[in-house]
Amino acid sequence: MAISKIKWFFIVFGTVYFLESIGGFYMTSAVVFIEKQFQIPSRLSGTMVSAGDFAYIPVVIFTSYFGGKGNRARWIGAGCILISIANFMIASSNFLFPVEHANVTTHIPSALAHQIDRNLVNGGFNYTEHQWLEQLHPLIDPENKVVMNYIGDEKSDLLQKYIEYCHYHKGSDICARLEKEIAQKFPMTDAKMSNVRAMVALPYGFCHSMLNFVRSQHYACKKDQSTLGPFMMIFGGLLVLGVGRTMPFSLGLPLMDDNVKKQNLPLYFCYSFLAFMFFVKILGPVIGLLVGGQLNKLYVDFNPPQGLTPLDPMWIGCWWLGFLIFGTLLFGPSVVLYFFPSDDLDINAPDELDDEGNVKQRKRLNLVDRHIKKDEQGNALMPETVKDKVNDFKETITNLMKNKIFVGAMFGRIIDVLAFKGYFVFQAKYLELQFGVPQYRIQRYIASTGIVGFACGVMLGSVSMKYFKLQGRKAAAWVAVCSLVAALISFANGTVGCKSVIGQIGDQIKLNGPVFDGCRDDCMCENVPLYPVCDVNGNAHYSPCHAGCAMGWKNYSIFDNAKANVDTLIFENCACVENKVKEVSRSYCRTDECEERFGRFFMHQAFGAIFGGLGVVPGMLIVLRAVPPEHRSVSLGFNGFLVSLLATLPSPIIWGKIIDMSCLLWQKACDVRFFYSDSVLEIDFFRLHVIYGCLRIFSLISDVWVWYWASGLKLIEEETPEEKEKEEAEKLNPKRKESFKEAAEKVEKTAYELDQLIDQRGS
């Protein structure tokens, strides 16, 4: 049997609604890597994330007002087309402002290129080359200054002694003669230059002054570099996205609310299309975070530097690919929804007859709000002049602001969103620093505990509402208790923290200040990137360079594919390690305690999410039923306006500033600081959740307010005028049948009595 156009409409609408719900939370998984790629501090990224609210705020009220009086399906389709375009704009910033690759154009000393070629490419010490340098040594250094001033291991080869001597005696004749002799004996080639580029591009540094000097020259700040370009491109994309997202929720919920039976509304939230709407609002973020977690395993350009893994703080995931995927998937169904046929979707279907032989009324979607006034053709009646429209709009808003239940519920939602939005945006970044866990795992845990737990709470809340017959004050009390429990659980998370590797580095900052000189002055580690490693005792070092590790690896090489296994990446000959095993490695860092507490944190979050979800359905129904039916779209739009203005807009900025204030050490790149240390953040870990929990507790004031005024509020017994007429007719028909039967019985009884009377008289 062919699917009717009505069912096709629900399929298209559901697809659009689902894909639209994914995008907002996918941005949460991407913001950390956008910061790293374009070197944007959290306070600016918080402003960037709030860009959608800059556009959402002035548009949402007018969209809900005028869209509610027009074809809501077309408005929603247009909004989702804008969201698709916004995704393309955000993704394009990766191509317009690509990651800088190591392409060394500065002067490369021949001594450095020769040492890399000899020690790392060709397998180590070469006796013939050593003998050649020993023979030239009296000519290059007649006074033997290089050997006499060397303070390292006497077994080091002569070339390394020369390199360290030249670090302290830049411009000396000895260094100039050495460079000239090596350039003649071992001329520079493209292969050697390529090897130097590969070493400079590594995500870590060695204790090697010449190599680190070339690195610092290459990565020196260039005047034409700026974060303004990518910032404005992403900001503009989020502005467009903010305009687009005003339409699906403020118009979509009333659209579905008009097309299902009100007597079973709570169960429809779980088992019908209204349930699907809320379910996709939960499933969408889950999909967004899971997809983000998988894409974040890929490097931003699919070609990560040798030795860099998702475990490293400097890893940049392939965040832009998700925006391309979701934008492409959303565009097609949105266009179909925009051009969907009119309300009479079953116009060509054959007539259906009821039990009495009458033609049934054709199925019809209420794309235009069925509660507003309409003309004879079914078109919405709109005020004719601009002045009348403004007055009608003002009157509608005034009526809403006089509604005590609506105002109380809106105030509570503002406080909740102010607490949650910014906290959630930076949660993944914060957990990475606190527990030392890679982003893809964090996104997976957030999706599988927080959002899935919230989804379970929503479904349980729907069933509980039907089972316990929650109405009026009873429903408001349910919402208040659920919010209180969720807030208390957030305080419990404040007690869960650990000392990660970066936390240990932060302890070193407390003792020694924000300076990491290492134990050797000739290493030049000032501009070496963060790459935390530990010795065999678990003591943390900022990088292999700061641990005093010589250039090279143990059982590993970027120039030998057979040894290119990052799982065994161990640095050896580390002069600053205070034990007999002069080695450091990421695998030596102890993570057992953090792993256990990481799991406990998300266990708490899962329970908090369940209790948070339990109050969603009754809370939403309280808002819907507290206002006149014709004002539902405007109430949702006005609610969204104030929530965005007072909560979602400032929240990421405020929380970004809180995170920035917790920083001990900033890694600078073109005067932009973007590295966080969480030794102070562990103290703030409790403070962070106290701030969050206190805001949630404060919102309970509004729940009490709503409870006080919610007496007598009916949530699940709203009926349409047509349903009331039908019900009255059904009640009336049995009475009519009964009256006819009684009259017939009376007639028969009277006839019988007359017959008896005649018989008696006749006898």
Contact check, side chains of Leu228 and Phe38, non-hydrogen atoms, under 4.5 Å: no

| said: Less than 4.5 Å apart, side chain to side chain, heavy atoms only: is that true for Gln37 and Phe33? | reply: no

Are [Y] and [X] an aromatic pair, judged by ring center distance below 6.0 Å?
{"X": "Phe424", "Y": "Phe426", "result": "no"}
{"X": "Trp320", "Y": "Phe88", "result": "no"}
{"X": "Phe571", "Y": "Tyr204", "result": "yes"}

Looking at Pro532, is its backbone amide N or carbonyl O close enough to the side chain of Arg586 to form a donor-acceptor pair, meaning the two atoms are under 3.5 Å apart? yes

Item checked: Cys545/Cys207 sulfur atoms closer than 2.5 Å -> no

*Passes side-chain hydrogen bond (donor to acceptor under 3.5 Å, both in side chains), Glu578 versus Asn539? Steps please.*
CA-CA 9 Å; Glu578 298 178 356; Asn539 299 314; over 6 Å; no

Inset, instruction - Go through the side-chain N and O atoms of Trp315 and Gln439 and say whether any donor and acceptor fall under 3.5 Å apart. - result: no

Item checked: Donor on one side chain, acceptor on other, Ser110 and Glu179, under 3.5 Å -> yes

| query | Is there a side-chain contact (heavy atoms from CB on, under 4.5 Å) between Phe598 and Gln434 once you walk through the steps? | reply | CA-CA 9 Å; Phe598 179 72; Gln434 178 66 37; over 6 Å; no

Would you call [X] and [Y] a salt bridge, using N to O less than 4.0 angstrom?
{"X": "Glu595", "Y": "Arg441", "value": "yes"}
{"X": "Lys554", "Y": "Glu583", "value": "yes"}
{"X": "Glu181", "Y": "Arg177", "value": "no"}
{"X": "Glu432", "Y": "Lys36", "value": "yes"}

